[in-house]
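Within every chain, numbering begins at 1; the chains are lettered A, B, ... in the order of the sequence lines, protein sequences first and strands thereafter.
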Number of protein chains: 2
Amino acid sequence: MAKKREMASMENCVCFNMRRFSRAFAHFFVSELQHHGLLPTQTPILAALAAKPDANMAELSDWLGMDRTTLVRNLHPLERDGLVKASGKGRGNRVSLKLTTKGQSTLGEFVPDWQKTQRKVVETLGEARWNEILDDLERAASSLNK
Amino acid sequence: MAKKREMASMENCVCFNMRRFSRAFAHFFVSELQHHGLLPTQTPILAALAAKPDANMAELSDWLGMDRTTLVRNLHPLERDGLVKASGKGRGNRVSLKLTTKGQSTLGEFVPDWQKTQRKVVETLGEARWNEILDDLERAASSLNK
DNA sequence: CATGTTGGTGTGTATATGCACTTTATTACC
DNA sequence: GGTAATAAAGTGCATATACACACCAACATG
């Protein structure tokens, strides 16, 4: 049985613990997948662009749940390395973001390895449990930030 | 009932979603507590120092689950603002970290407001559910990074 | 047509994160 | 006591995060 936590004590702060877990899981994914040369913030961007080509900055950042201005900067290394192409750059102009051919193939090589890592993580608690946890966290987060 | 997720699909990446939730909860805590002038990484440090005075860099970073070198830098604003005092600074020297009087009073004023915010978050899913989730995530994370 | 409003973008500043590496003090061993 | 090994702390670099702000294009309104 799990020990009951005193939720009014700061060591059980939801914000602190979410940050902590976020670092811990990122550490595991990075250690398993670093040979692809992709960081944990970059692969979701590539995957999102594969699923939704020609997205805006605003649309994409919204979908990824990150600040728009953070996305602007996170794209720079990906553009520099030729994985993403941004057409119509410039202030006031809509930007159309696309995966390059290199971006597609890089992502294509990454996914199978990522699936192995994800599987290891899912096995820790089981798929059903992870499903519930992700759903609950989604529900909690969206009920707060409205 | 919650829709079943395809866990082999990158939009359900545990790493990505943990980062996303982490940002979302941090956003809520910051918006509610920013008038105290403390950022979400800083308050756990103050709370840890209140509970464990005279901690090392290494001990403290270990307890907080963050990289030691990250802690070194996160302490700078707190030292600059006079909330934390580091005695015996310097390479090779053990550092003894302490809350200053100002640090104690700042933390003392912060905690009641933090508890209100934490309560709002805990209410989203209920205390029992949050307990399970935090325990499960702890278990999953520690089974991976060993 | 001038102007004002709005939506989409990029920048300045400050903090956060962690790996590889460096620097220094202490401890171990002879 | 001198030197090697170890432990503790800090730095360089690159990336991540987000608020406040500036910028620009297209469109609305008079």
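Place A:Gly65 and A:Leu39 on DNA chain D by their nearest nucleotides, and A:Leu39 ends up nearer the 5' end. Toward the 5′ end of DNA chain C lies the nearest nucleotide of B:Leu75, the other residue of the pair B:Leu75 and A:Gln34 mapping further downstream.
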Pairs of donor and acceptor atoms involving the side chains of residues 29-37 of chain B, under 3.5 Å and at least two apart or interchain, shall be tabulated with distances.
from    : atom 1 : to       : atom 2 : distance (Å)
B:Ser31 : OG     : B:His27  : O      : 3.4
B:Ser31 : OG     : B:Phe28  : O      : 2.8
B:Glu32 : OE1    : B:Thr117 : OG1    : 3.3
B:Glu32 : OE1    : B:Lys120 : NZ     : 3.0
B:Glu32 : OE2    : B:Lys120 : NZ     : 3.1
B:His35 : NE2    : B:Asp113 : OD2    : 3.2
B:His36 : NE2    : B:Asp113 : OD2    : 2.8

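Checking the phosphate oxygens (OP1, OP2) of D:dT17, no side-chain nitrogen or oxygen of A:Arg19 falls inside 4.0 Å. Of the side-chain N and O atoms in A:Asn74, none sit less than 4.0 angstrom from OP1 or OP2 of D:dT15.
Residues B:Leu46 and A:Met10 have side chains not in contact (no heavy-atom distance under 4.5 Å, counting atoms from C-beta outward).
The side chain to side chain contact (heavy atoms under 4.5 Å, CB included) check on B:Pro53 picks up nothing, with sequence neighbours excluded. With sequence neighbours excluded, the residues forming a ring pair (Phe, Tyr, Trp, His ring centres under 6.0 Å) with B:Phe25 are B:Trp130, listed by chain and number. By the side chain to side chain contact (heavy atoms under 4.5 Å, CB included) test, B:Ala86 pairs with B:Glu79, B:Lys89, B:Val95, B:Leu97, sequence neighbours left out. Applying the side chain to side chain contact (heavy atoms under 4.5 Å, CB included) test to B:Lys52 and every residue at least two apart in sequence or in another chain returns B:Trp63. Applying the side chain to side chain contact (heavy atoms under 4.5 Å, CB included) test to A:Thr100 and every residue at least two apart in sequence or in another chain returns A:Lys85, A:Lys102. For B:Asp54, the side-chain hydrogen bond (donor to acceptor under 3.5 Å, both in side chains) partners are B:Ser96, B:Lys98, not counting sequence neighbours.
Listed nucleotides D:dG10, D:dT15, C:dC19 differ in distance to B:Asp67; the shortest reach to its side chain belongs to C:dC19. When the nucleotides D:dA18, C:dG18, C:dG8 are ranked by their closest atom to the side chain of A:Arg94, C:dG8 comes out on top. For A:Val95, the listed nucleotide lying nearest its side chain is C:dT9; candidates were D:dT11, C:dT17, C:dT9.
Using a 4.0 Å cut-off on heavy atoms, the residues of residues 20-32 of chain A that approach DNA chain C are A:Arg23, A:His27, listed by number. For the segment residues 43-59 of chain A, residues with any heavy atom less than 4.0 angstrom from an atom of DNA chain C are, sorted by number, A:Asn56, A:Met57, A:Ala58. A heavy atom lying under 4.0 Å from DNA chain C marks none of the residues of residues 11-18 of chain A.
Taking a cutoff of 4.0 Å between a charged side-chain nitrogen and a carboxylate oxygen, B:Arg20 and A:Glu138 qualify as a salt bridge.
At a cut-off of 3.5 angstrom, the base of D:dG12 holds at least one donor-acceptor pair with the side chain of B:Arg73.
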Identify all pairs in which a protein N or O lies below 3.5 Å from an N or O of nucleotides 21-23 of chain C, and state each distance.
from   : atom 1 : to      : atom 2 : distance (Å)
C:dT23 : O4'    : B:Arg91 : NH1    : 2.5

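Nearest heavy-atom pair, B:Leu137 versus A:Met18, reported as atom, atom and distance to 0.1 Å: CD1-CE, 4.0 Å.
Applying the ring pair (Phe, Tyr, Trp, His ring centres under 6.0 Å) rule to pairs touching residues 67-102 of chain B yields nothing, sequence neighbours excluded.
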